[in-house]
Amino acid sequence: MAKSMINLIPGPVSVPDQVLQAMSQNFGSGDLDEEFLILYNQTEKKLQTILGTRNQVLIQTGEGMWGLWGALKSTLKPGDHVVSVCTGVFGYGIAEMAAGLGADVRRVELDHSQTLNQADELCQLVAEHKPVMITAVHCETPSGTLNPLDILAQAKKAYPEALLCVDTVASAGGCAIDADYNQIDLALNGSQKALSAPPSMSFVSVSDSAWARIAAVNYSGYDAFLPFKYAQCDFYFPNTPYWHGVAALNSAAKLLLQETLPRVFARHEECQKYCEKRVKEMGLKLFAAADAVRAPTVTAVCLPEGSSWTHFKRACNDRGLAIAGGYGKLSGKVFRIGHMGNQARMDALCAGLDIIQSIV
Ligand code: PLP
């Protein structure tokens, strides 16, 4: 992507200068230098505030998928029962990942254009299958939808023995997660979406119940969570910490908290509403079903009748705009506008939408 382009790709998003500066220096060894531990602890505190949790937040080198795999491998054994809410690419994907680890997975399956708007089917499946874990995705980035967390919390309340594991990769920092209020045991995140840091870090909040499960499973692979339980108090990380990545994440989280979360969330909501209004005025159709909850961080739009994604993308790029296409079964059917993090700004969004309007 040319430097002068307007970036409205829904991750990795454009990184603010302050964040780039925070990571562009020589650091010492995160294994040896107490300064790193102080930075890690400070970053954890900020992420706890953003996620709305008092639970430990472990920060690992890697992007979103790292945390997704680490969470599943650290908590699941072959034969474990899992119930997965599947409403999009990542929801179906997590179900497949759990099944790949040998779990016995039952799914609540909806079309990618829909969201889980009521808890009945999920609660019934949970009551029947008695899972060790319920998995779900808050914001399905490929379809621009948002599964309500209070609906997921209802299933957890009805069967507290299950861990509630939610991918909040594309929503955290763009809207409230309230992980403790919503009884989320594992909130899975990456640095490259609404946090607006480079795609280098994953961070996951882990409840006491989840830690108990992690200790029982005792997974010891490279992406294992268990070594992080005492990494801070023992100052012993399982591999060389990526100091630059933690510095970037800390700076990105600091920017959000300085702005204040209510203002950050309001900025995302304003951008979402404006984006939806403009695309509708252009005669385009939102991909999300009429009764689906739409995400404040990304809008998926059906490609105009008869237009190919390749041509549409080139037309946008030629005019200085970077946007994303569809994934999986939405490939060639939708385009996506990422108004998340540093990109949830009306000036860039207006300019990007003007370009789209000049094409359709
Ligand atoms: N979960 C969701 C909802 C995502 O949108 C993504 C990436 O787009 C991921 C997980 C995986 O994150 P990463 O691409 O940083 O590995």
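In this chain, numbering begins with 1 at the start of the sequence shown. Note that ligands are numbered from 1 as they come in the structure, with each ligand's atoms numbered from 1 the same way.
Those atoms of ligand 1 with a heavy atom of K193 less than 4.0 angstrom away are 5 (O), 7 (C), 8 (O). Of all atoms in ligand 1, numbered sequentially from 1 with element shown, those under 4.0 Å from a heavy atom of T141 are 2 (C), 3 (C), 4 (C), 5 (O).
Only the backbone of C139 comes within 4.0 Å of ligand 1, counting heavy atoms alone; no side-chain atom from C-beta on gets that close. Counting heavy atoms closer than 4.0 Å to ligand 1, residue E140 contributes nothing at all.
Atom 9 (C) of ligand 1 has its closest protein heavy atom at F90 CE2, 3.3 Å. The nearest protein atom to atom 12 (O) of ligand 1, hydrogens excluded, is given as G64 CA, 3.4 Å; this is a heavy-atom distance. Annotation: atom 16 (O) of ligand 1 to nearest protein heavy atom, E63 OE1, 2.1 Å. At the shortest separation from atom 14 (O) of ligand 1 among protein heavy atoms lies Q192 NE2, 3.2 Å. Residue, atom and distance of the protein heavy atom nearest to atom 2 (C) of ligand 1 are D167 OD2, 3.4 Å.
Within the structure, ring pair (Phe, Tyr, Trp, His ring centres under 6.0 Å) contacts touching residues 334-360 (residues at least two apart or in different chains) are F312-F335.
Between M65 and ligand 1, an N or O atom pair is found at a separation short of 3.5 Å.
The pair R267-E259 counts as a salt bridge, with a side-chain nitrogen and a carboxylate oxygen less than 4.0 angstrom apart.
In terms of the side chain to side chain donor-acceptor pair (under 3.5 Å) criterion, Y222 has no residue partners (sequence neighbours excluded).
Remark: the D180 side chain and the T53 side chain contain an N/O donor-acceptor pair separated by less than 3.5 Å. A donor-acceptor contact closer than 3.5 angstrom is absent between the side chains of T87 and T115.
Taking the six-membered ring for Trp and thresholds of 30 and 60 degrees, H244 and F27 have ring planes more than 60 degrees apart, a perpendicular arrangement.
The ring of F287 has its center no closer than 6.0 angstrom to the ring center of H112.
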